[in-house]
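Side chains included, hydrogens not; waters and symmetry mates left out as well; all remaining heavy atoms used. We name chains A, B, ... by the order of the sequence lines, and we start the count at 1 in each one.
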Amino acid sequence: MISLTLPDGSKRTFDGPVSGLDVAADIGPGLAKAALAVRIDGEMRDLDFLIEKDSAFSVVTSKDEDALDLIRHDAAHIMAEAVQELYPDVQVTIGPSIENGFYYDFARSDKFTPEDLVVIEKRMHEIVKRDEKIERSVRPRDEAIEFFKDMGEHYKAQLIEAIPAGEEVSLYSQGDFIDLCRGPHLPSTGRLGKAFKLTKLAGAYWRGDSNNEMLQRIYGTAWANEKQLKEYLHMVEEAEKRDHRRLGREMELFHLQEEAQGSVFWHPKGWTMYRILQDYIRGKLEDADYAEVNTPQLVDRSLWEASGHWEKFRENMFISESEDKVLAIKPMNCPCHVQIFRQGTRSYRDLPLRMAEFGSCHRNEPSGALHGIMRVRAFTQDDAHIFCTEEQITAETKAFCELLLDVYKDLGFEEVAVKFSDRPPVRAGEDETWDKAESALKEATEAAGLSWTLNPGEGAFYGPKLEFVLRDAIGRDWQCGTMQVDFVLPERLDASYIGVDGEKHRPVMLHRAILGSFERFIGILIENHAGRMPMWLAPVQVVITTITSDADEYAHEVMGALLKAGFRAELDIQNEKINFKIRKHSHAKVPAILVVGKREAEEGTVALRRLGGKDQEILAIKDAVDILAVEAKGPLA
RNA sequence: GCCGCCGUAGCUCAGGGGUAGAGCGCACCAUUGGUAAUGGUGAGGCCAUAAGUUCGAUUCUUAUCGGCGGCACCA
């Protein structure tokens, strides 16, 4: 007798072992038809999984969140089947489901072309139509290795070799295609439906290791129904319009050119945004009791050797020479800050000492890593180092997390993904120290009310790390803020303070940045707001424009009032129709347009029009200025 | 850096072995108009760079540089 508990709490009993599909059918024929998989005691299983003991039971249909994973994974398999049918020389490797879709990596000497994707996709639809049964089987590990080797699937064999001897592996087959897979899968290829599309072709290293050969990866997207697919494709299209590289040009914020690869040419409007952001951060740091400094761009090799960067970071450093000296353009500010700390004798009374710099850094990033202004070779960090005692780590970290969240909120980011990276395999410092650093960082993060996901082994060589990650319009994640605990650099560069006991002690160094870099953060800001910046950040806050030239003189008067009130305002008395000018400034994403014509000139009013709005508001000049002034007030004011 | 794709006017793109075209933008002229494109005229290009094939290359080939998408990297 087997008793199954359904999601609503009710129970069903069966005389003996039953398959998931049987249970679904027992509940209702409609459900059986819609069933894609079942969930038994929380584990997703194939529909024909035989249930042999009392369990919690639920049916997974296309309406479930989990179903997408299943669908995407199946789409990957069906793609692999299609590829193997079309190109028998190909070896299959790995094909997981990912966010929004799936991919599969293939090994093949001939290259896939974009045209091939069309053919493969067509074949996938045929396989769905064939509605091949998807069947699970189990083989002993060694037998499975032989099996795949015989098939010429050496990558698969290699994967199984990583599984401990004596274990069994599960295989899934559909038609003539068989793949190593943990499952679960749909009962047949027909269940995939039509809501999928192959999207791009890319290279990817075997097992993610750049020492290995490169495979050919095909990406696709897959959804529960065609409506979802259509929505997704539309969303991607819309997101492309928010790309900061495109908006940067359209809004005349900045440009990049090959003579200065990886460096930004900031135009007046972009630089205005940059300065506003910098002033804002500077204000926040002053409030939080940081002291701003500025340190050299060119620093002798010897300091980088002492800090360890020459050894660990040399490849990414730009080098210059002068007379017989080798100088590095600083890739980071930390060693310089330590130099300031080291001047004179420090007391425990000086701690925590918070030293901030808008530090201009250069890193010779691999060419393939560059991306708009998000990943550049010359950038400015909103960097700071907090020199403190071990006891102060928790309080400082907590205060930093709060400051960061505060800033992010002001800038329009309510949700931040936090990643905690713990000790890497190769590291400096004792395990005991790492224990201390990691738990202090964790504790403080929790105290700040943050939850994180673990990035195992991804910490810096000198200490654990918190990463604050924001997502761009296209769904790419970018690390912006960071907080790192460092016990190593103070030691290497001999930073010390005199403690209460009159003895020398090593301070701990906390490396931290809120924005990460101005370049990256402004890129994210542009995409997050789709270029429609809140008024306090908008490079041009208000445009005054005229209906006819009769109002030119009055428009100047209004302009004067706005300038006097401190607005970043522009006057447009171009001899064009008002429709044209409204359109022009709307495209430029100016938050407010003040239209003046004969009427307004006579009455001393302005017609206020908001970006994207249809209505206008007739206001006295003073009232308009007052209303806009409230909106233009930044978070610091 | 690696794999693939791409490089034609400021931007978006068409074209194609006989030295180039559109729309937008820009300039000039006319137009003075009530909230997302007024009309006309005109100026812009060593067709990324270099070599090769050819009577002739922007078009074909190769290399270089750069861009894009991934991968790897990202203290």
Side-chain angles (χ1 to χ4, degrees), chain A residues 103 105 111-114 116 199-219 243 245-246 249-250 252 255-259 261-262 307-309 312-313 315-316 331-335 361 363-372 374-376 381 383 421 424 427-428 458-465 467 474 476 478-479 482 484 486 488-489 509 511 513 516-517 520 545-552 573-588 593-600 607-616 618:
Chain A
Y103 68 77
D105 286 346
K111 303 301 172 195
F112 289 118
T113 65
D116 291 337
T199 50
K200 56 196 171 194
L201 207 50
Y205 295 109
W206 166 234
R207 298 192 137 180
D209 184 337
S210 59
N211 295 315
N212 289 340
E213 62 274 34
M214 188 152 269
L215 306 170
Q216 297 185 70
R217 176 172 295 179
I218 301 176
Y219 282 94
D243 191 308
R245 293 166 295 188
R246 176 178 177 153
R249 186 179 56 240
E250 288 176 359
E252 300 176 337
H255 87 270
L256 300 157
Q257 69 183 54
E258 63 179 271
E259 287 80 359
Q261 206 187 357
S307 70
H309 289 102
K312 303 240 178 215
F313 207 68
E315 282 198 346
N316 287 293
M332 53 199 57
N333 311 297
C334 351
C361 297
R363 297 183 189 176
N364 197 358
E365 302 285 2
S367 57
L370 302 177
H371 180 87
M374 304 275 214
R375 182 92 180 260
V376 284
Q381 298 178 315
D383 201 6
S421 302
R427 56 179 179 267
E458 295 287 309
F461 72 91
Y462 51 68
K465 171 172 129 182
E467 291 176 31
I474 321 169
R476 280 184 274 229
W478 296 95
Q479 182 202 308
T482 184
Q484 296 155 25
D486 180 2
V488 175
L489 206 56
M509 226 175 142
H511 306 242
S517 85
R520 177 174 293 180
T545 191
T546 48
I547 303 217
T548 68
S549 54
D550 295 340
D552 283 3
I573 55 170
Q574 193 188 355
N575 177 12
E576 275 295 349
K577 293 196 170 178
I578 189 63
N579 285 318
F580 176 88
K581 293 198 276 192
I582 294 284
R583 184 179 144 87
K584 179 175 144 195
H585 297 116
S586 298
H587 278 305
I593 302 176
L594 295 181
V595 179
V596 295
K598 210 187 244 174
R599 260 196 327 257
E600 287 76 14
L608 169 61
R609 184 199 161 104
R610 310 294 185 149
L611 176 58
K614 288 258 178 283
D615 306 329
Q616 49 174 332
I618 308 293

Worksheet item: For A:Ile573, what residues pass the side-chain contact (heavy atoms from CB on, under 4.5 Å) criterion, not counting sequence neighbours?
Response: A:Thr546, A:Asp552, A:Ala555, A:His556, A:Leu571
Item to complete: With sequence neighbours left out, write down each residue that passes side-chain contact (heavy atoms from CB on, under 4.5 Å) with A:Glu252, or none if nothing qualifies.
Response: A:Lys269
Discussion item. Strictly under 4.0 angstrom, non-hydrogen atoms only: write out the protein contact profile of nucleotides 33-50 of chain B, one letter per nucleotide from the 5' end, B, S or -.
Written reply: BBBBBB------------
Discussion item. Any carboxylate oxygen within less than 4.0 angstrom of a Lys/Arg side-chain nitrogen, looking at A:Arg207 and A:Asp209?
Written reply: no
Discussion item. Using atom P in both nucleotides, what's the gap between B:A51 and B:U59 to the nearest angstrom?
Written reply: 13 Å
Worksheet item: Can you tell which of B:A72, B:C71, B:C74 lies closest to the side chain of A:Arg375?
Response: B:C74
Worksheet item: Under a 3.5 Å cut-off on both pairing distances, which runs of 3 or more consecutive Watson-Crick or G-U pairs involve RNA chain B?
Response: B:1-7 with B:65-71, B:10-13 with B:21-24, B:26-30 with B:38-42, B:48-52 with B:60-64
Worksheet, complete the sentence: Among B:C74, B:G4, B:G70, the one nearest any side-chain atom of A:Arg520 is B:C74
Discussion item. Under the rule for side-chain contact (heavy atoms from CB on, under 4.5 Å), what residues qualify as partners of A:Lys111, not counting sequence neighbours?
Written reply: A:Gln216
Discussion item. For A:His309, give me all partners under ring pair (Phe, Tyr, Trp, His ring centres under 6.0 Å), at least two apart in sequence or on another chain.
Written reply: A:Trp304
Worksheet entry | B:G44, syn or anti by chi within 90 degrees of zero | syn
Worksheet item: If only side-chain N and O atoms of A:Gln261 are considered, is one of them under 4.0 Å from the OP1 or OP2 phosphate oxygen of B:G67?
Response: yes
Discussion item. Please give the distance between the P atoms of B:G34 and B:G45 as a whole number of Å.
Written reply: 39 Å
